Novice: 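If you scroll down you'll find the structure; I have some questions about it.
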2 protein chains.
Amino acid sequence: MKEEFRLDNQLCFRLYTASRLLTQAYNPLLSAHGLTYPQYLVLLVLWENDAQPVNDIAKRLCLETNTVTPLVQRMEKQGIVTRAKGTNDARQMIVSLTDKGQQLQTALTDVPFAVGGAIACKSLTPETVPALFQTLDDMIAQLKKNLKRDT
Amino acid sequence: MKEEFRLDNQLCFRLYTASRLLTQAYNPLLSAHGLTYPQYLVLLVLWENDAQPVNDIAKRLCLETNTVTPLVQRMEKQGIVTRAKGTNDARQMIVSLTDKGQQLQTALTDVPFAVGGAIACKSLTPETVPALFQTLDDMIAQLKKNLKRDT
DNA sequence: TACTTTTGTATCGCGAACGATATAAATAAC
DNA sequence: GTTATTTATATCGTTCGCGATACAAAAGTA
């Protein structure tokens with residue numbers, strides 16, 4: 001058994017597991033409002049800048065548009081967002097928050113804190129978090145560059 | 001716009017993105033052998049210990065058995081593993097590697113190195129990786145504990 | 001022994017995620 | 001100005017991932 005194949009040596013498995021478990025921590029908080037985690041991410045994007053085309057949302061979340069399109073379609077069906085053809089560019093589909101979508105920001109105020117509590121551990125301190133963010137951002141940037149190159 | 005809602009302040013979004021992009025880096029290497037990333041994880045588990053029940057594989061990967069069952073069913077169809085009822089406990093379904101499954105370990109020898117190259121960046125050094133592993137392991141342990149408590 | 005509870009898998013349904021493909025609109029090339 | 005190319009979405013098919021449910025086997029209990 002080669003050392004490189006040991007599950008405990010895999011960075012990817014750690015990221016994969018941490019991501020899934022952390023998403024699970026969000027779930028009860030979000031599903032109480034009929035939301036999923038990816039839908040919550042779309043809301044974060046729109047709360048920062050309302051009325052964005054599907055493509056911009058996808059780019060911001062590093063997702064493909066064929067993931068985002070059905071995602072926002074479901075959100076439209078729930079009355080959280082509206083979808084309207086772009087006026088400048090008729091190809092674009094502009095996604096905008098409804099009142100309900102805006103109000104969710106208030107309803108979800110305590111979500112970040114609740115999740116923060118669920119992951120609080122001795123390895124995550126005000127000193128270590130910036131370094132962790134830096135490392136992850138660096139990795140993400142590197143992966144984006146390398147993945148794009150293969151296209 | 002509250003600071004806690006800024007996408008750039010979200011740990012979960014970073015983990016989610018890093019995990020997905022890193023998985024995408026595995027994809028061309030694995031799909032060349034007809035594998036997906038979760039199937040590769042099952043192989044890592046079985047290469048360490050062959051002939052395990054579905055439940056043990058699921059626990060090792062922090063997945064639910066209703067995710068692993070169809071996963072190994074597809075792998076069985078591909079001739080990578082076999083599934084057989086347990087002799088001690090007839091409820092268990094023991095998953096074992098076929099010769100083809102064993103040989104994949106040789107065929108995939110260079111995968112860890114290729115992926116290592118794709119994420120190589122200045123934030124990932126022999127000095128920083130152990131700390132990163134520690135932080136992620138710590139987070140994962142904490143999340144497991146808190147998620148279990150809600151059950 | 002008979003009954004209840006727990007455990008291990010499996011099935012179903014739904015929402016992602018993404019490769020592949022299709023289509024219309026905008027842009028570039030000629 | 002017509003044709004070719006690129007761009008923005010959308011649709012389709014497959015594989016996760018997981019909550020809910022079902023069911024048989026094992027373990028615990030009376």
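Model, not experiment: these values are computed from the prediction. Letters A, B, ... mirror the listed sequences (proteins, then strands); counts begin at 1. Side chains are part of it too, since the values below use all heavy atoms of this structure and drop only hydrogens, waters and symmetry mates.
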Novice: Restricting to side-chain contact (heavy atoms from CB on, under 4.5 Å), what partner residues turn up for A/Ala51, sequence neighbours left out?
Specialist: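 A/Ala51 satisfies side-chain contact (heavy atoms from CB on, under 4.5 Å) with A/Ile94, A/Ser96 only.
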Novice: Between B/Leu63 and B/Ala90, which residue's closest nucleotide on DNA chain D lies nearer the 5′ terminus?
Specialist: B/Leu63
Novice: Can you build the contact string for nucleotides 5-12 of chain D? Use B for base contact, S for sugar-phosphate-only contact, and - for no protein heavy atom under 4.0 Å.
Specialist: --BSBSB-
Novice: When you check the phosphate oxygens OP1 and OP2 of D/dC16, does a side-chain N or O of B/Thr36 lie under 4.0 Å from one of them?
Specialist: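 B/Thr36 to D/dC16 OP1/OP2: side-chain N or O found under 4.0 Å.
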Novice: Going 5' to 3' along DNA chain C, which nucleotides are the first and last within contact of chain A (any atom under 4.0 Å from a heavy atom)?
Specialist: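 So the contact region on DNA chain C extends C/dG15 to C/dA26.
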Novice: Give every donor-acceptor pair under 3.5 Å between a side-chain atom in residues 69-87 of chain A and any protein atom, sequence neighbours left out.
Specialist:
residue : atom : partner : partner atom : Å
A/Thr69 : OG1  : A/Thr65 : O            : 3.1
A/Glu76 : OE1  : A/Arg83 : NE           : 3.1

Novice: Taking atom C1' of D/dT14 as reference, at what distance in whole Å does atom CG of B/Leu71 sit?
Specialist: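 Taking CG of B/Leu71 and C1' of D/dT14, I get 13 Å after rounding.
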Novice: Return the residues of residues 5-22 of chain B meeting this criterion: a heavy atom under 4.0 Å from some atom of DNA chain C. Order them by number, or give none.
Specialist: B/Tyr16, B/Arg20
Novice: If the condition is side-chain hydrogen bond (donor to acceptor under 3.5 Å, both in side chains), which residues does B/Asn9 pass it with, not counting sequence neighbours?
Specialist: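 Partners of B/Asn9 under the side-chain hydrogen bond (donor to acceptor under 3.5 Å, both in side chains) test: B/Glu3.
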Novice: Specify the residue among B/Cys62 and B/Asn88 whose closest nucleotide of DNA chain D lies further upstream toward the 5′ end.
Specialist: B/Cys62
Novice: Could you check whether A/Thr67 gets within reach of a base, just the sugar-phosphate, or nothing at all, counting any heavy atom under 4.0 Å?
Specialist: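 Base contact.
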Novice: B/Asp138: what forms a side-chain contact (heavy atoms from CB on, under 4.5 Å) with it, not counting sequence neighbours?
Specialist: A/Cys121, A/Lys122, A/Ser123, B/Gln134
Novice: Go through the structure and list residues passing side-chain contact (heavy atoms from CB on, under 4.5 Å) with A/Ala90, not counting sequence neighbours.
Specialist: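 For A/Ala90, no residue satisfies side-chain contact (heavy atoms from CB on, under 4.5 Å) once neighbours in sequence are set aside.
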Novice: Using a 3.5 Å cut-off and no angle test, enumerate the donor-acceptor pairs between side-chain atoms of residues 21-35 of chain A and protein atoms at least two apart in sequence or in another chain.
Specialist:
residue : atom : partner : partner atom : Å
A/Thr23 : OG1  : A/Ser19 : O            : 2.8
A/Ser31 : OG   : A/Asn27 : O            : 3.0

Novice: Name all pairs fulfilling the side chain to side chain donor-acceptor pair (under 3.5 Å) condition that reach into residues 34-54 of chain A, sequence neighbours left out, sorted by first residue then second.
Specialist: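 Qualifying pairs: A/Glu48-A/Arg60.
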Novice: Starting from the 5' end of DNA chain C, give me the residue, A/Lys85 or A/Tyr37, whose nearest nucleotide shows up first.
Specialist: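 Going by which nucleotide is closer to the 5' end, it is A/Tyr37.
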Novice: Report the residues that fulfil side-chain hydrogen bond (donor to acceptor under 3.5 Å, both in side chains) with A/Asp89, sequence neighbours left out, ordered by chain and then residue number.
Specialist: A/Arg91
Novice: Distance from A/Phe5 atom CZ to B/Gln105 atom CD, nearest 0.5 Å?
Specialist: 5.5 Å
Novice: Could you tell me which residues satisfy salt bridge (Lys or Arg N to Asp or Glu O under 4.0 Å) with A/Arg20, sequence neighbours excluded, listed by chain and number?
Specialist: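 Residues passing salt bridge (Lys or Arg N to Asp or Glu O under 4.0 Å) with A/Arg20: none at all.
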